[in-house]
2 protein chains.
Amino acid sequence: MLSKKAKYAIKALVYLGHENHKSPVLISQIAQNENIPQKFLEAILLTLKKEGILDSKKGRGGGYFVVKPLEEISFAEILRIFDGPIALLPCVTHDYYKQCEECKDEATCGIRKVFLQLRNITVKHLKDATIMNVVLDESDK
Amino acid sequence: MLSKKAKYAIKALVYLGHENHKSPVLISQIAQNENIPQKFLEAILLTLKKEGILDSKKGRGGGYFVVKPLEEISFAEILRIFDGPIALLPCVTHDYYKQCEECKDEATCGIRKVFLQLRNITVKHLKDATIMNVVLDESDK
DNA sequence: AATAAACTCTACTAAACTACTAGAGTTATA
DNA sequence: TATAACTCTAGTAGTTTAGTAGAGTTTATT
């Protein structure tokens with residue numbers, strides 16, 4: 001399952017995506033509209049800022065806004081930031097590769113093959129899913 | 001990531017799959033060959049027995065053996081037993097469905113759509129991956 | 001210059017989960 | 001009847017999750 005952090009992050013980004021090109025949005029406004037505990041959301045938005053996806057303006061009239069193009073923010077990126085690797089086994093991750101401790105021969109491991117393919121399918125799906133796509137999709141309704 | 005329980009369960013089943021049609025296999029033998037802590041493995045095999053996948057014989061000359069046909073034991077089944085739902089959001093699971101607490105309208109939720117498709121892809125892949133397939137695949141080498 | 005709105009940062013915490021271990025109990029066969 | 005082997009109940013250290021509390025900093029406006 002996704003962590004709440006990852007889920008809230010995606011919700012906040014989609015919300016900001018809908019509000020795009022307007023003035024900075026208050027944390028409190030996002031929290032209220034998306035039913036997210038405000039203090040918890042603060043930490044999440046801060047992380048997204050450190051990652052270069054959001055930026056913020058302090059003081060009166062401040063708030064958060066998206067700086068990375070919406071079509072370049074994928075679900076894969078968000079999941080990796082908050083929940084770590086997408087793969088289900090350490091031996092099939094790209095960025096965090098680690099051998100399975102108990103494994104004897106990775107090359108002939110039939111289990112690995114299954115999870116390697118699954119990882120590839122999953123990553124492709126989650127890279128194609130961008131915030132922009134969700135915003136456009138929801139605007140059609 | 002998979003839990004160790006799920007990973008060990010699959011490893012043990014593949015091991016038993018290779019040994020099929022012979023006499024019951026000792027827990028200690030599986031543990032040694034697959035580098036799994038024995039006491040931990042005991043609990044895992046017990047669960048698999050309760051699920052009707054394995055059976056055991058007590059006493060001298062006893063051990064574990066597979067009773068469910070190898071081609072009917074899928075990775076999806078094992079993951080569900082040990083790690084719960086395969087879907088990444090509660091609102092897209094089949095067996096454990098729960099509405100996302102903070103969600104306003106499931107029908108128009110663009111995020112849900114992404115994870116629903118992903119769930120379907122993933123479940124299909126993990127249902128096609130059976131212990132039999134892995135055993136056959138590994139025997140080719 | 002003062003005020004207040006708004007983001008920033010550090011620290012803490014309860015609850016749940018993970019990956020085990022210990023040890024006593026039961027069963028079946030040689 | 002000895003013993004090999006599975007069964008079952010507890011417990012536990014460490015980690016992660018999903019938060020909360022509260023003081024600090026920045027900046028637009030009056």
Side-chain angles (χ1 to χ4, degrees), chain A residues 1-12 16 23-32 34-51 53-67 79 81-85 88-90 96 98 100-102, chain B residues 1-12 16 23-32 34-51 53-67 79 81-85 88-90 96 98 100-102:
Chain A
M1 287 274 169
L2 273 199
S3 70
K4 295 264 183 164
K5 275 191 182 175
K7 186 159 64 157
Y8 292 162
I10 292 173
K11 291 221 161 198
L16 288 170
S23 39
V25 179
L26 298 185
I27 296 179
S28 59
Q29 185 185 334
I30 306 173
Q32 269 178 38
E34 299 297 327
N35 285 315
I36 303 171
Q38 178 164 342
K39 272 298 200 177
F40 197 38
L41 182 58
E42 285 178 19
I44 293 166
L45 298 184
L46 215 47
T47 301
L48 290 173
K49 181 180 174 180
K50 285 201 188 95
E51 295 288 333
I53 294 169
L54 297 180
D55 203 355
S56 64
K57 218 184 138 191
K58 278 186 178 178
R60 202 179 252 185
Y64 274 94
F65 49 94
V66 189
V67 283
L79 292 215
I81 290 170
F82 292 100
D83 293 351
L88 292 180
L89 289 182
Y96 300 80
K98 242 192 87 192
C100 292
E101 298 134 26
E102 75 288 345
Chain B
M1 287 275 169
L2 273 201
S3 70
K4 296 262 183 162
K5 274 190 182 175
K7 185 159 65 157
Y8 292 161
I10 292 173
K11 291 220 160 199
L16 287 170
S23 40
V25 180
L26 298 185
I27 296 178
S28 59
Q29 186 185 335
I30 307 172
Q32 269 177 38
E34 299 297 326
N35 285 315
I36 302 171
Q38 178 163 341
K39 272 298 200 179
F40 196 38
L41 182 59
E42 284 180 19
I44 294 166
L45 298 184
L46 215 47
T47 301
L48 290 173
K49 182 181 173 179
K50 286 202 186 94
E51 295 288 334
I53 295 169
L54 297 181
D55 202 357
S56 64
K57 219 183 137 191
K58 279 185 178 178
R60 201 180 253 184
Y64 275 95
F65 48 94
V66 188
V67 282
L79 292 215
I81 291 171
F82 292 101
D83 293 351
L88 292 179
L89 289 182
Y96 300 82
K98 244 192 84 191
C100 292
E101 298 132 26
E102 76 288 345

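Keep in mind the model is a prediction, meaning the values are calculated, not measured. Numbers restart at 1 for each chain; the letters A, B, ... are given by sequence-line order, proteins then strands.
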Counting just side-chain N and O atoms, does B:S56 come under 4.0 Å of either OP1 or OP2 of D:dT7?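 So the side-chain polar atoms of B:S56 do come within 4.0 Å of the phosphate oxygens OP1 or OP2 of D:dT7, strictly under.
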With a 4.0 Å limit, can you tell me whether A:K49 has a side-chain N or O closer than that to the phosphate oxygens OP1/OP2 of C:dT8?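 Checking A:K49 against C:dT8: at least one side-chain N or O falls below 4.0 Å of OP1 or OP2.
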Value in whole Å for how far the [atom2] atom of [N] lies from [atom1] of [X]:
X	N	atom1	atom2	value
B:Q29	D:dA4	CD	P	16 Å
B:R60	C:dA30	CZ	C1'	5 Å
B:M1	C:dC17	CE	C1'	17 Å
A:L26	C:dC7	CG	P	5 Å
B:K39	C:dC20	NZ	P	15 Å
A:K58	D:dT25	NZ	C1'	5 Å
A:F40	C:dA14	CZ	P	17 Å
A:K57	C:dT8	NZ	C1'	17 Å

Quick one: which of D:dT20, C:dC20, C:dT8 gets closest to the side chain of A:L46?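 Closest of the options to the side chain of A:L46: C:dT8.
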So that I can tick it off, tell me whether B:E101 and A:K4 are bridged by a salt bridge, with the cut-off set at under 4.0 angstrom between side-chain N and carboxylate O.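 Yes, this pair counts.
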Pick the nucleotide of DNA chain C nearest each of B:E42 and B:D83; which residue has the one closer to the 5' end?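 Closest to the 5' end, via its nearest nucleotide, is B:D83.
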Please figure out whether A:I27 or B:F82 has its closest DNA chain C nucleotide nearer the 5' end.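 Whichever sits nearer the 5' end wins; that is A:I27.
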When you compare the side chain of A:V25 with that of A:Y64, does any pair of heavy atoms fall below 4.5 Å?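 Side chain of A:Y64 against side chain of A:V25, heavy atoms only: no contact under 4.5 Å found.
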Contact check, side chains of B:I53 and B:T47, non-hydrogen atoms, under 4.5 Å: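 No, their side chains stay 4.5 Å or more apart.
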Look at the side chain of A:D83 and the backbone N and O of A:L2, then say whether any donor-acceptor pair between them is shorter than 3.5 Å.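 The answer is no, because no donor-acceptor pair under 3.5 Å joins these two groups.
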Would B:L54 and B:V67 count as a side-chain contact (heavy atoms from CB on, under 4.5 Å) here? Give the steps. CA-CA 5 Å; B:L54 297 181; B:V67 282; 5.6 Å; no
Which part of the nucleic acid, if any, lies within reach of [X] when heavy atoms closer than 4.0 Å are counted: base, sugar-phosphate only, or nothing?
X	result
A:L45	nothing
A:Y8	sugar-phosphate
B:K7	nothing

